[in-house]
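Take a look at the structure below.
These numbers come from the heavy atoms of this one structure, side chains and all, not from hydrogens, waters or symmetry mates. The structure presented is a predicted model; accordingly, all values stated were derived computationally and were not measured. Proteins come first, then strands; the chains are lettered A, B, ... in the order of their sequence lines, and each starts at number 1.
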Number of protein chains: 2
Amino acid sequence: MKHLPHKTIERLSQYRRALLICLDKGQTHIYSHEIARIQHITAVQVRRDLMLIGYTGTLRKGYNVKELIDLIGEIIDSQEGINVAIIGMGNLGRALINYFSGKRSHLKIVASFDINPDKIGNSMSGVPCYSSEEMDKVIKEKDIRIGIMTVPAEFASQTTDALVKAGIKGILNYTPKPVTVPKEVYLEEYDMITSLEKVAFYVKLNEKEEA
Amino acid sequence: MKHLPHKTIERLSQYRRALLICLDKGQTHIYSHEIARIQHITAVQVRRDLMLIGYTGTLRKGYNVKELIDLIGEIIDSQEGINVAIIGMGNLGRALINYFSGKRSHLKIVASFDINPDKIGNSMSGVPCYSSEEMDKVIKEKDIRIGIMTVPAEFASQTTDALVKAGIKGILNYTPKPVTVPKEVYLEEYDMITSLEKVAFYVKLNEKEEA
DNA sequence: CTAACAATGTTAAATAAATAACAAAAAACT
DNA sequence: AGTTTTTTGTTATTTATTTAACATTGTTAG
Ligand SMILES: NC(=O)c1ccc[n+]([C@@H]2O[C@H](COP(=O)([O-])OP(=O)(O)OC[C@H]3O[C@@H](n4cnc5c(N)ncnc54)[C@H](O)[C@@H]3O)[C@@H](O)[C@H]2O)c1
Ligand SMILES: NC(=O)c1ccc[n+]([C@@H]2O[C@H](COP(=O)([O-])OP(=O)(O)OC[C@H]3O[C@@H](n4cnc5c(N)ncnc54)[C@H](O)[C@@H]3O)[C@@H](O)[C@H]2O)c1
C-alpha cells in the first residue's frame with residue numbers, strides 16, 4: 001500500500017468509530033453513502049478512502065462492517081497494541097482518562113504522572129498515577145510509546161524533553177504551548193481556542209453574508 | 001480581502017496566541033522566521049498568511065507585535081464579542097471553563113447548562129450553571145451564539161437540536177457522536193481518539209521505516 | 001558610495017486533497 | 001432475455017494548500 005493521505009488516516013479512525021456502533025446494533029453491512037452521511041462527507045470520498053486501503057465491498061450489499069473494522073485496525077493499530085501515558089492529572093487529564101477507559105482499543109493508557117503528592121499513588125479508572133520523577137523508569141519498564149501532555153503550559157517544554165529522553169515515540173500536546181521534538185518523534189498539537197476562534201470566524205462570516 | 005483558506009484562519013489564531021506571549025515579555029517586533037519556529041512551520045508560510053490579511057511589516061525589523069495582534073483580532077473576532085455557552089458540566093466541561101477563564105478574548109463563556117440538580121445553580125470560574133430546560137430562554141436572553149457540547153454522547157443529537165432551535169450560530173462538538181445541523185449553523189467536531197490514533201499510526205510508520 | 005546582506009512581499013510551481021465522471025457488474029424488474 | 005437500477009471501483013479533473021523562486025528594499029560594512 002502506498003502513502004495514505006493524512007486526512008484519510010483521520011477519517012479511517014472516524015469510520016471505525018461509527019462502524020463499531022453499527023456492529024453493536026447488529027448491522028452486518030453498510031453502504032458508502034451511509035458512512036458518508038454519518039461523517040458529513042460524500043460517498044465518493046468514503047469509497048476512495050477504502051480503495052486506498054485496498055478494501056473491496058460487495059456490489060449492492062455494501063461493505064462488511066466486521067471486516068472493515070478489522071482492516072482499519074490492521075492499518076492504524078499495531079498488532080501488539082501501543083501503551084500510552086497521561087502526564088498531568090488535572091481536570092483535562094482526568095476527563096481524558098475517564099473518556100478513554102470505556103473504549104475497546106489497541107491503545108491502552110497504562111500510566112499517568114503528576115507532581116502533586118495527593119495524586120501520586122492513587123488510581124483512576126484503573127490507571128495508576130506515578131511521580132513525574134519516575135517517568136523515565138516507568139516509561140521504559142512499561143514500554144510506553146505515546147505521551148499525552150496535560151500539564152500546565154509553563155511545564156510543557158520540560159515535560160516534553162523528559163518524555164523524549166525517556167524514549168517516547170509520539171506526543172499529543174494539549175497544552176497551549178507549542179513544543180519542539182526531534183524529528184523521529186511524532187508530534188500532534190491541539191488547542192481548543194483555535195477551534196473556538198475558527199467557529200467564531202465562520203459564524204461572523206455567515207452573519208455578514210446573510211446581511 | 002478575499003477568501004482566507006481554512007488553514008490560514010487556524011494559523012492566525014495560533015499566531016495570535018504566540019504573539020500575546022511575546023507582548024507580555026515586552027517584545028515589540030518579531031520576524032516571520034521567529035513566528036515560524038514557534039509554530040513548526042516555514043517563514044514563507046507565515047509571510048504568505050500575513051500577505052493574505054494585508055498586513056505589511058517593516059523590512060529588517062519584522063512585524064509589530066501589537067499591531068498584528070490587533071489586526072488578527074479584527075479578522076477573527078467580532079467587535080462586540082461573541083457569547084459562548086458550555087452544555088454539560090462534567091469533567092471535560094469543567095476543564096474547558098477552567099482553561100478559558102484566564103484568557104483575555106472577545107469570546108466569553110457566559111453560561112453553562114446541565115441536567116444534574118447538584119450542578120444547576122452553582123457557578124464555576126464565574127460562569128453560572130442553568131438547567132438544560134432553560135436553554136432556549138437563556139440563549140436568547142444572553143445573546144449566546146456559540147455552543148460547546150460536552151454532554152454524554154447519547155445526548156448529543158437532542159442537545160444539538162435544542163441548540164439549533166434556540167438560534168445558536170455555531171457548535172463545537174466534543175462528544176464522539178457526529179451530529180447534523182442545518183447549513184446556516186457552523187459545526188466543528190473534535191475527538192481525541194482520532195488524534196491519538198493518528199499519532200499511533202505515524203509512530204508505527206516511523207518504526208517500520210527505521211527497520 | 002557601493003556592494004553585500006537580511007529581511008519582506010509577490011508571483012509561479014508543485015503537491016495534496018476533494019470532487020466529478022464514468023465504467024462495471026450484480027440484482028431487480030418487465 | 002433484456003433493460004433499468006443501484007452500488008462499487010477507478011481514473012480524470014478541479015480545487016486548495018504549500019513550497020519555491022525571485023524581485024524589492026532598507027541597513028550595514030567596507
Ligand atoms: N487543548 C485544550 O483544549 C485544553 C483544554 C483545557 C486545558 N488545556 C490545557 O491543559 C493543561 C491542563 O489543564 P487542566 O485544566 O487539567 O489544569 P490543572 O491545573 O487542573 O491540571 C494540571 C495538573 O498537572 C500537574 N502538574 C503540574 N506540573 C507537572 C509536572 N511538571 N509534571 C507532571 N504533572 C504536573 C498538576 O499537579 C495538576 O494535577 C493546561 O496547560 C491547560 O492550558 C488545554
Ligand atoms: N473530544 C474529546 O477529546 C473528549 C474527551 C473526553 C470526553 N469527551 C466526551 O465529552 C463528553 C463529556 O465527557 P465528560 O468526561 O465530561 O463526561 P461527564 O459524564 O463527566 O459529564 C457529562 C455532563 O453532562 C451532563 N448532562 C447529561 N445529559 C445532559 C443534557 N441532556 N443536557 C445537559 N447536560 C447533560 C451530566 O450531568 C454531566 O455533568 C462525553 O461525550 C465524552 O465522550 C470527549
Nearest-Å distance for atom pair CD1/P, residues B:I53 and C:dG9: 11 Å
Specify the separation, in whole Å, of atom CG of B:D49 and atom P of D:dT18. 8 Å
To the nearest Å, how far apart are A:R11 CZ and C:dA17 P? 9 Å
Between A:E189 and the options A:L172, A:I171, A:N173, the side chain to side chain contact (heavy atoms under 4.5 Å, CB included) test singles out A:N173
Nearest-angstrom distance from the residue atom CD1 of B:I35 to P of C:dG9: 11 Å
State which residue, out of A:V179, A:V151, A:I87, A:T175, fulfils the side chain to side chain contact (heavy atoms under 4.5 Å, CB included) condition with A:T160. A:V179
Contacts of A:K61 meeting side chain to side chain contact (heavy atoms under 4.5 Å, CB included) (sequence neighbours excluded), chain-then-number -> A:H29, A:T58
Can you check the A:H33 NE2 to D:dG9 P distance for me, whole Å? 14 Å
Only counting residues at least two apart or in another chain, list the ones meeting side chain to side chain contact (heavy atoms under 4.5 Å, CB included) with B:E184. A:E210, B:P182
Side-chain atoms of A:S32 come closest, of C:dT8, D:dT8, C:dG9, to D:dT8
In whole angstrom, what separates B:K7's NZ from C:dA17's P? 8 Å
Choose from C:dA7, C:dT19, D:dT18 the nucleotide whose nearest atom is closest to any side-chain atom of A:Q45. C:dT19
Classify the side-chain pair B:Y190/B:S195 by whether it contains a donor and acceptor separated by less than 3.5 Å. yes
Quick one: on DNA chain C, does B:Y55 or A:T42 contact a more 5' nucleotide (nearest heavy atom)? B:Y55
Taking atom CD as the centre, does B:E133 end up with more than 12 heavy-atom neighbours from other residues, nucleotides or ligands that are less than 6.0 angstrom away? no
Modelled atom types, side-chain donor and acceptor of B:K66 and B:T28, under 3.5 Å: no
The nucleotide from D:dT8, D:dA12, C:dA7 with an atom nearest the side chain of A:R48 is D:dA12
Is there any protein nitrogen or oxygen under 3.5 Å from a nitrogen or oxygen in nucleotides 21-29 of chain D, and what are the pairs?
unit_1 : atom_1 : unit_2 : atom_2 : d
D:dG26 : N2     : B:R60  : NH1    : 2.4

Starting at CE of A:M51 and ending at P of C:dA18, how long is that distance when rounded to a whole Å? 14 Å
Whole-Å distance, B:H40 NE2 to D:dT19 C1', equals 19 Å
